[in-house]
S.K.: 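Okay, here's the structure, questions in a sec.
To find a chain, count down the sequence lines: A is the first, B the second, and so on, and within it residues start at 1.
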Protein chains: 2
Amino acid sequence: MTIKEVSNKYDITQDTLRYYERVGMIPTVTRTSGGIRDYQEADLQWVELAICMRSAGIPVEAMIEYVKLTQDGESTIPARLQLLVEQKENLLEQREKIDKMLERLSYKIKRYEVAVETGKLTWD
Amino acid sequence: MTIKEVSNKYDITQDTLRYYERVGMIPTVTRTSGGIRDYQEADLQWVELAICMRSAGIPVEAMIEYVKLTQDGESTIPARLQLLVEQKENLLEQREKIDKMLERLSYKIKRYEVAVETGKLTWD
DNA sequence: TCTTGACTTAGAGTTAACTCTAACTATTAT
DNA sequence: ATAATAGTTAGAGTTAACTCTAAGTCAAGA
């Protein structure tokens with residue numbers, strides 16, 4: 001699969017795909033004899049993981065560290081486990097913050113809905 | 001309340017407090033006769049809202065827009081409502097992404113836990 | 001009165017995560 | 001064979017959200 005196809009498939013720019021590879025957020029992608037990227041299934045799985053992590057807000061740095069560890073063999077499994085557990089905790093924290101804000105928003109929205117209906121702002 | 005006290009209370013730098021005010025993320029804070037910030041209860045509520053929104057990942061731009069609308073009287077209530085509904089939808093989307101990643105992380109973590117116990121990586 | 005420490009503003013600098021540019025090479029269609 | 005298209009790298013530029021610096025003002029204690 002060419003970089004263009006991958007770009008379309010995952011709706012991500014070619015620049016970003018090259019950037020992810022360059023900084024080590026995904027391992028080096030398979031090339032053709034001419035040196036052109038030719039994404040294999042394994043490469044695509046890395047891309048997909050990278051996109052998923054980034055969209056959840058996990059920093060590029062963490063992903064780079066994880067990729068490094070996977071390249072260094074099975075002795076790094078405990079370190080990988082620790083890294084993933086840390087990121088999971090971060091995400092749980094972030095979800096807490098979002099939930100808190102969602103509640104607050106719901107309250108304000110209800111208040112404004114009443115105001116729009118009645119023409120008057122009520123409470124506080 | 002001085003900026004220092006607010007800074008300590010909410011664990012946010014004085015620089016950031018001034019920045020929030022400067023860009024209009026919170027309305028202008030009450031001053032002493034000498035021009036020094038003297039946060040009143042209403043000011044603190046804005047600060048708290050700003051911190052809550054930012055920690056949930058709502059962009060500064062959206063908050064600025066919201067503050068502008070609140071300064072422009074009750075005629076802007078429908079616009080405020082729309083803004084808040086949009087932000088709520090964004091947060092729900094973001095939470096979805098986090099949940100997806102959390103599931104993925106849990107799966108990987110389980111796999112690595114088994115690997116650490118048995119000394120062997122299983123599945124895929 | 002003098003100094004210390006907290007405050008002020010304006011504006012420059014930093015960081016993360018892209019995003020773009022330039023100069024070049026390779027592949028494909030005519 | 002050659003033009004158009006798509007790819008390559010190295011490195012500069014951009015954006016959001018702070019964060020820091022400089023130069024100055026103000027209030028309280030020795």
Side-chain angles (χ1 to χ4, degrees), chain A residues 1-40 43-44 46-47 49-68 87 90-91 94 97-98 101, chain B residues 1-40 43 46-47 49-67 87 90-91 94 97-98 101:
Chain A
M1 215 175 195
T2 69
I3 195 170
K4 185 173 197 189
E5 290 166 333
V6 178
S7 162
N8 289 336
K9 183 173 162 78
Y10 294 110
D11 196 27
I12 179 179
T13 69
Q14 302 181 25
D15 272 324
T16 301
L17 281 166
R18 289 196 203 95
Y19 164 73
Y20 282 177
E21 185 176 352
R22 179 153 43 89
V23 299
M25 217 173 115
I26 59 175
T28 307
V29 169
T30 312
R31 307 293 161 117
T32 64
S33 54
I36 289 183
R37 287 176 183 79
D38 180 21
Y39 290 79
Q40 303 301 308
D43 300 315
L44 292 180
W46 276 111
V47 168
L49 178 65
I51 291 170
C52 187
M53 289 181 99
R54 287 297 304 126
S55 83
I58 294 176
V60 166
E61 257 320 310
M63 182 83 194
I64 291 173
E65 185 60 24
Y66 180 70
V67 169
K68 260 191 208 135
Q87 293 311 318
N90 289 344
L91 287 190
Q94 188 52 29
K97 286 175 186 163
I98 287 176
M101 192 63 225
Chain B
M1 215 173 194
T2 69
I3 195 171
K4 186 173 197 188
E5 290 166 332
V6 178
S7 162
N8 288 335
K9 182 173 163 78
Y10 294 111
D11 199 27
I12 179 177
T13 69
Q14 302 182 23
D15 272 324
T16 301
L17 281 167
R18 291 196 202 95
Y19 164 73
Y20 281 178
E21 185 176 350
R22 177 153 44 89
V23 300
M25 217 173 114
I26 59 175
T28 307
V29 168
T30 312
R31 307 294 161 116
T32 64
S33 53
I36 290 182
R37 287 175 183 81
D38 181 22
Y39 291 79
Q40 303 300 309
D43 299 317
W46 277 111
V47 168
L49 178 65
I51 291 170
C52 188
M53 290 182 97
R54 287 298 303 127
S55 84
I58 294 177
V60 166
E61 258 320 310
M63 181 84 194
I64 291 173
E65 185 58 25
Y66 180 70
V67 170
Q87 293 312 317
N90 290 345
L91 286 190
Q94 188 52 29
K97 286 175 185 164
I98 287 177
M101 192 62 224

S.K.: Using a strict heavy-atom distance below 4.0 Å, which residues from residues 7-19 of chain B are in contact with DNA chain C?
M.R.: B:Q14, B:R18
S.K.: For the backbone of B:M1 and the side chain of B:Q40, can you confirm whether one donor and one acceptor N or O come within less than 3.5 Å of each other?
M.R.: no
S.K.: Taking only residues two or more places apart in sequence, or in another chain, which ones meet B:R18 in a side chain to side chain donor-acceptor pair (under 3.5 Å)?
M.R.: B:Q14
S.K.: What string of B, S and - do you get for nucleotides 24-30 of chain C 5' to 3' if you count protein non-hydrogen atoms under 4.0 Å?
M.R.: -------
S.K.: Please give, in whole Å, the distance from D:dA6 C1' to A:Y39 OH?
M.R.: 14 Å
S.K.: Please give, in whole Å, the distance from D:dC26 P to B:R31 CZ?
M.R.: 14 Å
S.K.: Let me know which of A:I3, A:V6, A:L17 forms a side chain to side chain contact (heavy atoms under 4.5 Å, CB included) with A:R37.
M.R.: A:I3
S.K.: Looking at every heavy atom in both B:M101 and A:I58, which two are closest together, and how far apart are they?
M.R.: CG-CD1, 3.9 Å
S.K.: B:E5 CD to C:dG5 C1': how many Å, rounded?
M.R.: 15 Å
S.K.: Could you work out how much the helix from C:dT1-D:dA30 to C:dT30-D:dA1 bends, comparing the axis of its first five pairs with that of its last five, to 10°?
M.R.: 10°
S.K.: What is the distance from OH of A:Y20 to P of C:dA16, rounded to the nearest Å?
M.R.: 15 Å
S.K.: So, is B:R37 close to the C:dC7 phosphate, meaning a side-chain N or O under 4.0 Å from OP1 or OP2?
M.R.: no
S.K.: Of the residues in residues 59-67 of chain B, which ones touch DNA chain C at a heavy-atom distance under 4.0 Å?
M.R.: none
S.K.: For residues 23-36 of chain B, which residue pairs qualify under side chain to side chain donor-acceptor pair (under 3.5 Å), counting only residues two or more places apart or in two chains?
M.R.: B:E21-B:R31, B:T30-B:D43
S.K.: Contact between B:T13 and B:Y19 at the side-chain level, heavy atoms closer than 4.5 Å - yes or no?
M.R.: no
S.K.: Report the distance from atom CZ of B:R22 to atom C1' of C:dG11, rounded to the nearest whole Å.
M.R.: 8 Å
S.K.: To the nearest Å, give me how far apart CE (A:M25) and C1' (C:dA16) are.
M.R.: 12 Å
S.K.: Does the side chain of A:V47 reach to within under 4.5 Å of the side chain of A:I26, using non-hydrogen atoms?
M.R.: yes
S.K.: Tell me what B:R54 touches on the nucleic acid: a base, only sugar-phosphate, or nothing, going by heavy atoms under 4.0 Å.
M.R.: sugar-phosphate
S.K.: NZ of B:K4 versus P of D:dA27: gap in Å, rounded?
M.R.: 18 Å
S.K.: Could you tell me whether A:E61 atom CD has more than 12 heavy atoms of other residues or ligands within 6.0 Å of it?
M.R.: no
S.K.: Specify the closest pair of heavy atoms between A:Q87 and A:A62, including all atoms of both residues, with the distance to one decimal.
M.R.: NE2-CB, 3.5 Å
S.K.: Looking only at non-hydrogen atoms, find the nearest pair between A:V60 and A:V23 and report the distance.
M.R.: CG1-CG2, 4.2 Å
S.K.: What is the minimum heavy-atom distance between A:Y10 and A:L44, and which atoms define it?
M.R.: OH-O, 3.8 Å
S.K.: Please find the pair of heavy atoms, one from B:V29 and one from B:D38, that lie closest to each other, and give the distance.
M.R.: CG1-N, 4.3 Å
S.K.: Taking all non-hydrogen atoms of both residues into account, name the closest pair between A:M25 and A:A50 and its distance.
M.R.: CE-CB, 3.8 Å
